[in-house]
Amino acid sequence: MQRLNLITWNINSVRLRQRLVERLLLDEAPDVLCLQETKCPNEQFPAAAFRKLGYGHLALNGNSGGHRGYHGVAILSRVPLSDVTVRGFCGKTDGRYVRATVTLGGAPVAIHNFYVPAGGDEPDPALNPKFEHKLAFLDEMLSFLPRACEAPGIVVGDLNVAPYEMDVWSHRQMLRVISHTPEETTRFEAAREAAGYVDLGRRFVPHHERLFTWWSYRNKDWRKSDRGRRLDHVWAAPQLADRASSFRVLREARDWPRPSDHVPVVATFEA
DNA sequence: ATGACGGATCTAATCCGA
């Protein structure tokens, strides 16, 4: 493969939105699609439908057991996947990470697909166990990524943190709102820097421009109010970031029928 | 000004998302 076209998308139920995934595969023809919040046990993943469209290679870490109906990540590919690995974070097996390797220009590229915990409402880890879990997850990413990212790769997913001022609709009003608190954003940046990877979104879109990938279902008119956040990310090893030829946020998908509240993020890498 | 929406689940009301 001489070019890698990669998409990450929090689908918010892959079974409910199977048709939207098919539409994306047909419209964008990515080589690899990373999904989060599949909300789907592995045995119920609609693999046959995607295989028909040419995506016959799968890496799944679906929800199971006590996490029925929540979480779940998947990598779909039209090129072979090797080194498929599932890992639990914070001592849980809750479907938040899957890795697979593809080949670009004869060299392996590891793809790390994450669904970071949302963290609940109350931004105090002493009062809110979900926020405590999120901070612990980010801390574990900090210790995990340096070794995992030694092999050149790409970290993608719904990372559930909007690190910069123009990654949220109001920096001032969001500082005490989970996804943009300093406790999260400092850990988030530390984890990325420990990996030595590049924030591809901000390599392509300057820091003074707003860039969002998620808009709440609760807004009456998401486009008009534009109270979004940048929660979905693509981080790339420096040598891959230098070969990135495009980066796009598919905002139009927010208006597809019965949409996800997240939109797909597309990145292209040349060999 | 906080939106008051939408998904899954032991189908009715609850948990969760962020």
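Only heavy atoms go into these numbers, but all of them, side chains included; no hydrogens, no water, no symmetry mates. This is a predicted model, so every value here is computed, not measured. A note on names: the letters A, B, ... follow the listed sequences, proteins ahead of strands, and every chain is numbered from 1.
Residues of residues 113-135 of chain A that place a heavy atom closer than 4.0 Å to DNA chain B, in numerical order, are A:Tyr115, A:Ala118, A:Asp121, A:Lys130.
The P atoms of B:dC15 and B:dC10 are separated by 14 Å, rounded to the nearest whole Å. Across B:dA1 and B:dC16, the matching P atoms stand 30 Å from one another, rounded to whole Å. Going from the C1' atom of B:dG7 to that of B:dA12 covers 15 Å, rounded to whole Å. Look at the P atom in both B:dG17 and B:dT2: the space between them is 22 Å, to the nearest Å.
A:Asp221 comes within 4.0 angstrom of nothing in the nucleic acid, heavy atoms only.
Taking the six-membered ring for Trp and thresholds of 30 and 60 degrees, A:Tyr164 and A:His207 have ring planes more than 60 degrees apart, a perpendicular arrangement.
Within the 6.0 Å centre-distance limit, the rings of A:His233 and A:Phe188 are counted as a close aromatic pair. In summary, the aromatic rings of A:Phe114 and A:Phe89 are positioned with their centroids under 6.0 Å apart.
Atom P of nucleotide B:dG17 and atom CG of A:Asp94 are separated by 10 Å, given to the nearest angstrom. Here the P atom of nucleotide B:dG17 and the CZ atom of A:Arg17 are 16 Å apart, to the nearest Å. Across the protein-nucleic acid pair, A:Tyr70 atom OH and B:dA8 atom P stand 11 Å apart, rounded to whole Å. A:Asn12 places its CG atom 11 Å from the C1' atom of B:dC5, with the value rounded to the nearest Å. Distance A:Arg254 CZ to B:dG6 P: 9 Å, rounded to the nearest Å.
Residue A:His262 has a polar side-chain atom (N or O) positioned under 4.0 Å from OP1 or OP2 of B:dA18.
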Pairs: protein N or O with nucleotides 1-3 of chain B N or O, under 3.5 Å:
{"from": "B:dT2", "atom 1": "O2", "to": "A:Arg227", "atom 2": "NH1", "distance (Å)": "3.0"}

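Shown here are the side-chain hydrogen bond (donor to acceptor under 3.5 Å, both in side chains) partners of A:Thr38, two or more places apart in sequence or in another chain: there are none. For A:Thr268, the side-chain hydrogen bond (donor to acceptor under 3.5 Å, both in side chains) partners are A:Asn5, A:Ser246, not counting sequence neighbours. Residues meeting the side-chain hydrogen bond (donor to acceptor under 3.5 Å, both in side chains) test with A:Ser143, sequence neighbours left out: none.
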I would like to know whether A:Asn61 and A:Arg96 meet side-chain contact (heavy atoms from CB on, under 4.5 Å); could you show each step before the answer?
CA-CA 7 Å; A:Asn61 186 7; A:Arg96 295 187 180 275; over 6 Å; no
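Residue pairs that meet the salt bridge (charged side-chain N to carboxylate O under 4.0 Å, His left out) test with at least one member in residues 260-271 of chain A, sequence neighbours left out, are A:Arg3-A:Glu270.
A heavy-atom distance below 4.5 Å is not found between the side chains of A:Ser260 and A:Leu20.
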